[in-house]
Amino acid sequence: MMSSNAFIKIRWSTFLLLLPWSIFGQSYIQMVQIDSSDTYEDVIWKAAHVVPSERQLVWQQLELTAFIHFGMNTFTDQEWGDGNENPNLFNPGSLDVDQWVRTLKNGGFRQIILTAKHHDGFCLWPTLTTNHAIQYSKWQGGKGDIVKEVSLACKKHQIGFGVYLSPWDRNASSFGTEEYNELFKLQLSELLTNYGEIAEVWFDGANGEGPNGRKQNYDFQRWYQYIRNVQPKATIAIMGPDIRWVGTETGVGRASEWSVIPLKDSIINRCWNGVTDQSIFLPIGDRTEEDLGSRTQLEDATKLIWYPAETDVSIRPGWFYHQQEDEKVKTGPALFEIYKSSVGRNGVLLLNVPPTREGRIHPNDSMSIVEFGAIIRNTFKFNRISSIRYDQIDVSTILTDDSLETSLTLQKKDTITFEIITAEDDSVNLLKVQENIKLGQRVEKFMLEKMENNGLWSPVCEGTTIGYKRILSFSTQHGRRWRFTILSSRYHPAIAEIGLYKQY
Ligand code: FUL
């Protein structure tokens with residue numbers, strides 16, 4: 001087993017020898033050090049070889065995940081509670097978490113993250129850590145447990161379950177002292193050891209003063225280590241080392257979304273177990289800049305890390321349910337636009353769907369979700385491409401089999417052209433491309449062209465990054481012969497999928 005320090009210090013020539021997929025079959029290096037002797041070309045090469053950790057890879061392929069904001073604010077009609085609420089206010093009339101999970105699964109969602117505790121500090125599970133919790137309400141005679149119900153429903157419907165646990169707690173009297181760090185760790189341990197597998201732990205960046213006017217110095221290092229120990233498969237998001245906030249709450253990711261970015265934050269623990277890099281670092285700041293990973297950003301990088309974007313947005317204007325927003329629910333087509341600008345821009349969508357005071361997803365929200373799911377299914381069920389050739393060879397079975405397991409690694413970095421044929425009468429308006437991110441994210445520029453009746457090529461659309469998935473829409477075009485060209489990439493690109501579709 002290699003020590004972590006040894007790995008940090010290796011030179012890039014050594015790095016070459018350590019290529020994980022060549023030595024261990026399927027293994028991963030999520031972070032790499034830039035040495036002072038590295039040339040700019042070396043840095044670009046390294047950037048092209050940083051890959052997701054196993055848990056990041058699993059997470060990225062979920063594509064659609066859902067947030068459930070449900071708690072005290074649902075009953076007080078607030079977005080941020082102050083922590084002084086009477087626990088009895090929490091009283092869902094006819095809770096049906098199975099309906100939440102069924103609805104979301106129907107819409108194609110594959111994981112649910114529940115606000116187990118929001119900033120008001122009210123816990124949705126019976127906890128030993130505070131009186132501001134569900135067992136101090138009269139609901140179900142103080143025997144209710146929303147975390148348990150949702151985790152069991154997710155298990156029953158075979159989708160992932162994750163928890164949002166707000167570090168900022170406006171109720172805890174210990175907030176602002178070391179004691180709070182211990183209390184938070186206990187809350188984590190209650191959530192992570194009593195409810196089966198936890199797929200994601202979501203730490204909110206929102207941070208203010210507690211009831212005593214003090215701010216807290218969070219002990220993230222201890223919490224991360226604890227999560228890794230008890231739920232090693234769980235991703236730690238936002239204020240965490242696995243998943244980055246995309247930087248807005250609009251559902252729109254960057255047109256150039258790099259999953260490999262320079263890391264300026266300090267590494268708080270480094271661990272290479274011979275197969276997987278388990279390094280953890282403490283993210284600093286929100287990373288809202290437009291450019292996080294271009295070549296310009298790589299110029300003065302000292303470390304590079306795989307740190308992919310999660311795009312969180314609410315189906316309603318607020319995060320919690322408010323009756324006055326019932327007519328402001330985003331429609332299925334509006335959600336599909338968000339899908340294109342989140343999943344279609346190399347991100348994972350985290351769509352918030354807040355249940356009502358009754359404890360059900362409102363019919364308006366359900367209708368939109370079901371419609372959204374149908375648009376995705378119907379749009380992408382039929383790839384209009386009948387053949388793709390690269391260098392005269394038919395590679396359609398590799399590039400149109402809807403699988404990341406098969407991909408084509410090209411032996412050059414630019415001007416890589418695929419000749420595409422669709423059925424004679426086809427009209428299309430969406431391009432979908434996927435890189436095999438197990439080998440890294442490499443493409444920097446691509447374009448699609450169509451052959452006109454006069455035999456000349458005309459441009460249809462172009463883009464920069466691809467990553468796990470890139471979807472571009474364009475005005476509906478009729479055609480038979482098309483050409484997809486990779487104009488530039490950081491290293492030999494590994495293309496997994498190419499598709500042309502008609503939006504449903
Ligand atoms: C923010 C919180 O303050 C909001 O209430 C919501 O939970 C959102 C997802 O994150 O930081």
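One is the number of the first residue; the rest follow in order along the sequence. For ligands, and for the atoms within them, numbers begin at 1 and follow the listed sequence. Every value quoted in this text rests on a predicted model; they were computed, and no experiment measured them.
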Passes salt bridge (charged side-chain N to carboxylate O under 4.0 Å, His left out), Arg360 versus Asp365? Steps please. CA-CA 10 Å; Arg360 299 174 62 85; Asp365 305 51; over 6 Å; no

What residues, two or more places apart in sequence or in another chain, satisfy side-chain hydrogen bond (donor to acceptor under 3.5 Å, both in side chains) together with Trp139? none

For ligand 1, run through the N/O pairs with the protein that fall under 3.5 Å and put one pair on each line.
from, atom 1, to, atom 2, distance (Å)
ligand 1, 3 (O), Trp80, NE1, 3.0
ligand 1, 3 (O), His119, NE2, 2.9
ligand 1, 5 (O), Trp80, NE1, 3.2
ligand 1, 5 (O), His118, NE2, 2.9
ligand 1, 7 (O), His69, NE2, 2.7
ligand 1, 7 (O), His118, NE2, 3.0
ligand 1, 7 (O), Tyr164, OH, 3.4
ligand 1, 10 (O), Asp204, OD2, 3.0
ligand 1, 11 (O), Asp204, OD1, 2.6
ligand 1, 11 (O), Asp204, OD2, 3.0

Do any N or O atoms from the side chain of Thr74 and from the backbone of Gly71 form a donor-acceptor pair under 3.5 angstrom? yes

Is there a donor-acceptor contact under 3.5 Å from the side chain of Ser341 to the main chain of Glu337? yes

Gap separating the CG atom of Leu404 from the NZ atom of Lys438, nearest 0.5 angstrom: 7.0 Å

Output yes when a side-chain donor or acceptor of Arg244 lies under 3.5 Å from a complementary backbone atom of Tyr307, and no otherwise. yes

